[in-house]
Amino acid sequence: MKILTPNKVDSFFQLLTQKWDVRLPIVLTDGTRVISSLGDGSIALHGGAVSSKPTAAFFPQHSSVFISVNGLIQEQTTPGLPIFVLGFTDRDLECLRFIDRFFANGLRDDIYFTLRSNAVVAGISGYCGVNGALLQPSSGNCDLEFFWDGCRWLIIPYSGAGNEIVADLPDSAPPEAIEAFKKASTALPDENEKILRQASELLRADRVPDSFWSEIGDRCISCTGCNLACPTCTCFGVQDWRSSKTIERSRMWDSCQLDGFMREASGHNPLGTEALRTRRRIHHKLAADPEKWGDISCFLCGRCDKACPTGIGILAVAKELVARFA
Ligand code: SF4
Ligand code: SF4
């Protein structure tokens, strides 16, 4: 277990930029905490899960698929340095595990794995949540983990790359710090997970009437905040951008809460109402994905419940659903 003291944080990450494209929680000028590059704002490791989608490091909002110049497809440029990304909570790491499987399934997604394959992912945990609340340590499903014990960062490497990155840091965690990490690692039962599972069972047993989705859908204003923040939302649209000599084909995040999400060229729209779109958003995570992947694809990161201005994030809907139909 390594130690990083607060006065060494800036220089540690600065040094990493020699070999890595470093991304970590920073605070923007408007006060928003996001995972971004050093230089986009001040380092802000404390404050809990960042509000933006952490998996955007590997699935950015906009990616180039190819560029054609005078009718000839250009080779895709590879990224300069491999990505080092810090800021995944234990929930976010579960989300990353899920989308790694998603993008590897069937036709492996080259655009995703160009960024993901050589990346180092660092979890964040300890008493660095909102107002010093405990963020649960991960189950070790990352390359290394930064755990704030109240005085210093304890760094626990789990992979060869993780070990290499912290090799030069001192190895002098005091016994009480190690004890704090062990104690925090004892997982507590999560009532919300139980609610999500119950909601999933109700949906899969088809025990939720359409009228429920009309009520919930009426509260959606199609702002797309839920999808754009969700680390397991992977839908995208494709668009060609033209100039006189070049065409760039790119892909951009899409949102299943938008009217045009499934609208077909004929004009027919299988998700033509907010009720149907809202049902689909929840049903996909809690019923369709468990059938396809064996996993509910919501890991309770909390972002959609925080982002939704009308209070219909997934946990809020699951609670309502269980209260009324269980
Ligand atoms: S809590 Fe919401 S944003 Fe987070 S994984 Fe679940 S559905 Fe996605
Ligand atoms: S955040 Fe809420 S209001 Fe906005 S699109 Fe999602 S469900 Fe609808």
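We count residues from 1, following the sequence as given. Just follow the structure's listing: the first ligand is 1, and inside any ligand the first atom is 1.
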- Sidechain N-carboxylate O distance under 4.0 Å for Asp92, Arg303: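 Arg303 and Asp92: salt-bridged.
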- Under the 3.5 angstrom rule, does the side chain of Arg279 hit a backbone N or O of Gly217 as a donor-acceptor pair?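 No; judged by distance alone, with no hydrogens or angles, the pair does not exist.
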- Query: Counting distance only, does the side-chain N/O of Asp100 pair as donor-acceptor with the main-chain N or O of Arg97 below 3.5 Å?
  - Reply: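 Side chain of Asp100 to backbone of Arg97: no pair is present.
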Show me the donor-acceptor pairs, under 3.5 Å and distance only, between side chains in residues 319-326 and residues at least two apart or in other chains.
unit_1 : atom_1 : unit_2 : atom_2 : d
Arg324 : NH1    : Glu215 : OE1    : 2.9
Arg324 : NH2    : Glu215 : OE1    : 3.4
Arg324 : NH2    : Glu215 : OE2    : 2.9

- Item | Row check, Phe113 ring normal vs Arg108 NZ/CZ: under 6.0 Å, within 45° |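 Here Arg108 passes the 6.0 Å and 45° test against Phe113.
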- Message: For ligand 2, give me the residues whose heavy-atom distance to it is below 4.0 Å, by chain and number please.
- Response: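 Protein residues near ligand 2 are Cys220, Ile221, Ser222, Cys223, Thr224, Gly225, Cys226, Gln257, Arg281, Cys308, Pro309, Thr310, Ile312.
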- Message: Let's go through Trp293 and His284 carefully: what are the C-alpha distance in whole Å and the side-chain angles of both, what is the deciding distance for ring pair (Phe, Tyr, Trp, His ring centres under 6.0 Å) to 0.1 Å, and is it a yes or a no?
- Response: CA-CA 11 Å; Trp293 302 98; His284 190 186; 9.8 Å; no
- May I ask you to list the atoms of ligand 1 that are less than 4.0 angstrom from any heavy atom of Gly302?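 Answer for ligand 1: 1 (S), 4 (Fe).
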